[in-house]
2 protein chains.
Amino acid sequence: MLKLTKKADYGLMALKYLAEHPETPALSAKDIADAYGIPAQLLAKILQLLTKSGLLRSHAGMNGGYALSRDAREISAYEVIHAIDGPFFITSCTKGAKSCDLTPSCTIKEPLARVNDTIAGVLRSISIYDLAERETPAGRAVAAQALVTLTL
Amino acid sequence: MLKLTKKADYGLMALKYLAEHPETPALSAKDIADAYGIPAQLLAKILQLLTKSGLLRSHAGMNGGYALSRDAREISAYEVIHAIDGPFFITSCTKGAKSCDLTPSCTIKEPLARVNDTIAGVLRSISIYDLAERETPAGRAVAAQALVTLTL
DNA sequence: CAGTATACGACCGTTTCTGTCCGCGTTTCA
DNA sequence: TGAAACGCGGACAGAAACGGTCGTATACTG
Ligand code: SF4
Ligand code: SF4
């Protein structure tokens, strides 16, 4: 159920890693994969997806690799998940295309759609920068605070 | 990815249906299944899970069936999901037991755990009663409003 | 040119999800 | 006293999603 895929998980890790190394012009998929123990070829494909979605900039050839295309603050977890796993839907009934065959009789469709939007909002309010928070040395310096209003 | 299972989906529908019929002493699994077109045997097992978790009260025999064990306002979506799909975790690394094998090197574990709690909070703030909101006839009468604070 | 890197698609084993079946215990009612 | 209506529980099978690998083509560097 409500679980991130490992691909999205890996994608977030990779972006965080890139956010933590802003000095380097580019990091290869293998570099990042080795840093965490992620299967390299799999990570490569994930990074390709992120590139295709415009979150990363890639560069082939020696000393090539990937770099963030924007500031880490401007990349939300929602975008990452969307880029890797496709459209974000809590339910099986995507409003656009084919859905679960009992959409007509279903009465919780609309309420759940609002829940969906709420959770999407939470995800949207989280940036890669937030994840990359460096070692809050003194105590527990709260970094980001977002207010989400749930409206049913 | 972040998607409700159909079981949880069905479970919510069923509870909503029960909440909408407080007068009847009990509704059978078949009654509810027929009302929506849900596979009856599957719904039956779902209702059994909800009963085992104490959200429903069951009664065997003729004219038996299920009834809410508490007021619809006191049953949260979180409880339903938890009862049907088990512990709620966004990531594959449950803090309790065996997890994804790269937990040691992983650096987004803690931040994601907080995201997990936030989403769980959202789900906890939604009750069956909220879903069962009867026809907001005039315009769009906002029913419930919950405030969730996201703290990374 | 040789070496390093991304790009892209095919493929496959595993797990999870969805749904069905069957036999059993319980309650009601004729 | 028995049949019917119902919940309970496990086993199981088909389908889909996931996680991961491989091979090959392409692009860039020096
Ligand atoms: S239609 Fe109702 S049942 Fe089918 S997916 Fe959407 S919400 Fe779940
Ligand atoms: S450990 Fe890191 S990678 Fe493994 S599941 Fe938890 S978060 Fe995802």
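Naming: A, B, ... by sequence-line order, numbering from 1 per chain. All heavy atoms count here, side chains included; hydrogens, waters and symmetry mates do not.
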Can you measure [X] atom [atom1] to [N] atom [atom2] for me and round it to whole angstrom units?
| X | N | atom1 | atom2 | answer |
| --- | --- | --- | --- | --- |
| B/I84 | C/dT16 | CD1 | P | 18 Å |
| A/N63 | C/dA2 | CG | P | 20 Å |
| B/H59 | C/dG25 | NE2 | P | 19 Å |
| B/Q48 | C/dC24 | CD | P | 17 Å |

Outermost nucleotides of DNA chain D that come under 4.0 Å of a non-hydrogen atom of chain A: D/dC18 to D/dT29
Do any of residues 1-16 of chain B sit with a heavy atom less than 4.0 Å from DNA chain C, and if so which?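 The answer is B/T5, B/K6, B/K7, B/Y10.
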N/O donor-acceptor pair under 3.5 Å between B/S69 side chain and B/L55 backbone: yes
Just by distance, do the side chain of A/K16 and the backbone of B/T107 share a donor-acceptor pair under 3.5 Å?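 Here the side-chain-to-backbone pair exists.
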Measure the angle between the two terminal helix axes of the helix from C/dC1-D/dG30 to C/dA30-D/dT1, five base pairs each, and quote it to 10°.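 The end axes of the helix from C/dC1-D/dG30 to C/dA30-D/dT1 are about 10° apart, to the nearest 10°.
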Given DNA chain D, 5'-ward residue of the pair A/D85 and A/A40, judged by closest heavy atom: A/D85
Donor-acceptor pair under 3.5 Å, B/K45 side chain vs C/dT20 base: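 Yes.
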Per B/L42 side chain, nearest of listed nucleotides C/dG25, C/dA7, C/dG19: C/dG19
